[in-house]
Amino acid sequence: MKRTTALLIVPAIAVMLFSCSKKNIAVSTTVVTDTSFKQLPFPFGFAVNVSKLRTNIAYKNILLTQATSVSAETVMKIAYLHPAQNTYVWTDADYLVDFAVQNNIRVHGHTLVWHQSLPAWVTNFVGDSAAWENLLKTHIQTIVAHFKGKVTSWDVVNEAIENDGSGYRASSLWYQKLGIGFIARSFQYAHEADPNALLFYNDYGNEWGNTKRNAILNLVNDLKSKGVPINGIGLQMHTDYTQPDANIQTAISTAAATGLKVHISELDISMNPSNNQTLVFNSIIAQQQSDKFKMVAKAFNSIPKAQQYGITTWGIGDADTWITGFYSRPDWPLLFENNYQKKAAFFGVLNSVK
Ligand code: G3I
């Protein structure tokens, strides 16, 4: 009997995990219940806000009971980890990584090279191309080396394609200073620093249509064909309930056709894409959302097992989402309510594999 099947028919199993290290002896409790994402046949997790992990017990408990993978929502970005040229601030990222390692949760690093979240020392940096190359290499290798053996995988380059898929993102400082070769070289530098880390290219909009999707797929196929050490493709999948199923299925199946591992890396499903300021969440919306989450998880589960890197939602409860702030509207794009109670969509995901 498969482990997942066994878990499905056992109503509740509490597993005590004892982990020891030379430095400290930590006792952690992982609870697997009959309604846990830990039953899913692929890794499932969340982008984590470290201040909430530190202070909110309900938030932390969802991670302990539901997550088999985590990503850092902000604290591994360059502005946070590397705020000055010779200064690295590891505190929050280490806190997340130590929490995950102690609780047998995989850590996916997000993100090494992005056009956003740049600190002033980078935007103001003056130097020739060799100096910029050194900056890029040192940044990547210092961070990857710090987390070597603890962070399983990295979004090495994030969102290097234009929003509309028309080409490489011209406004990216990395592209402007280093040319398009910065992408391949970033993977090479990360690989040198941790040859065991799985390296991903991460972007959004594969489900929008051919233009953006083909631009992303052409990029990763080109990297692969040149022998660049790339292991996976991240489909952010910041989507909404009106996105046709066929588009989402195509995004997932074409990513799998590259032969790379596929990570649905930042999933959220907006229920208010038309920006209705008076919309109120109700049971009809809850069901529509559940159906869409279920469809996404089912499509993901249908690609070859070895390529199923996992699904990560971008936050845990609706109060955690970036969407309400970014679009200034009410929205409920995640799997848990503000107080971390399970929504209908939680069960949609769970039932997707039954
Ligand atoms: O923590 C500070 C707080 O102390 C301060 O008072 C406040 C004032 O603005 O800022 C807080 O930091 C904010 C941080 O989120 C907190 O979570 C930053 O300003 C804000 O820029 C940051 O936004 C994040 C954004 O990326 C930029 O890094 C969002 O949370 C995060 O959800 C978003 O995630 C991105 C992915 O990395 C890439 N794909 C798209 C996705 C959504 O934009």
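In listed order, ligands and their atoms are each counted from 1. What you see is a predicted model, and the numbers here were worked out from it, not measured in a lab.
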Look at the side chain of K77 and the backbone N and O of E73, then say whether any donor-acceptor pair between them is shorter than 3.5 Å. yes
Quickly, which of W322, W332, F293 forms a side chain to side chain contact (heavy atoms under 4.5 Å, CB included) with D268? Name it, please. W322
Can we call the ring centroids of F346 and F336 under 6.0 Å apart? yes
Heavy atoms only: which of E73, H110, K52 lies closest to atom 36 (C) of ligand 1? H110
Any nitrogen or oxygen of N158 lying under 3.5 Å from a nitrogen or oxygen in ligand 1? Just yes or no. no
Could any protein non-hydrogen atom be found less than 4.0 Å from atom 6 (O) of ligand 1? no
Is there any N or O on E159 that sits under 3.5 Å from an N or O of ligand 1? yes
Which residue supplies the protein heavy atom nearest to atom 17 (O) of ligand 1, what is that atom called, and how far is it? T74 CG2, 3.9 Å
Distance flag for atom 12 (O) of ligand 1, protein heavy atom under 4.0 Å: yes
Look up atom 38 (C) of ligand 1 and tell me if a protein heavy atom lies less than 4.0 Å from it? yes
Please lay out, stage by stage, how Q66 and K38 fare under the test side-chain hydrogen bond (donor to acceptor under 3.5 Å, both in side chains). CA-CA 6 Å; Q66 304 291 341; K38 294 192 185 207; over 6 Å; no
Atom 19 (O) of ligand 1: closest protein heavy atom, distance to 0.1 Å, is Y80 OH, 4.4 Å
Which protein non-hydrogen atom lies closest to atom 25 (C) of ligand 1, naming both residue and atom, and how far is it? K77 NZ, 3.7 Å
As a test of the contact definition, would atom 21 (O) of ligand 1 count as having a protein heavy-atom neighbour under 4.0 Å? no
For K226, look at atom NZ and say whether over 12 heavy atoms of other residues, nucleotides or ligands are found less than 6.0 Å away. no
K224 atom NZ: more than 12 heavy-atom contacts under 6.0 Å: yes
In terms of the angle between their ring planes, are H238 and W314 parallel, tilted or perpendicular, with boundaries placed at 30° and 60°? perpendicular
Right, does atom 30 (O) of ligand 1 have protein non-hydrogen atoms nearer than 4.0 Å? yes
Indicate, with yes or no, if the rings of W154 and H110 have centres closer together than 6.0 Å. no
Does a donor on one side chain and an acceptor on the other come within less than 3.5 Å for D291 and Q287? yes
Can you check whether a protein heavy atom sits less than 4.0 angstrom from atom 2 (C) of ligand 1? no
Among non-hydrogen protein atoms, atom 40 (C) of ligand 1 lies closest to E266 OE1, 3.3 Å
Could you tell me whether atom 9 (O) of ligand 1 has a protein heavy atom closer than 4.0 Å? no
Can you confirm whether some protein heavy atom lies under 4.0 Å from atom 42 (C) of ligand 1, or whether none does? yes
Pull out every atom of ligand 1 sitting under 4.0 Å from any heavy atom of H238, numbered as shown with elements. 39 (N), 40 (C), 41 (C)
Looking only at heavy atoms, the pair that brings G149 and D194 closest together is N-OD2, 3.8 Å
Under 6.0 Å between ring centres: does that hold for F200 and Y309? yes
Nearest non-hydrogen atom to atom 34 (O) of ligand 1 belongs to which of W114, W314, W322? W314
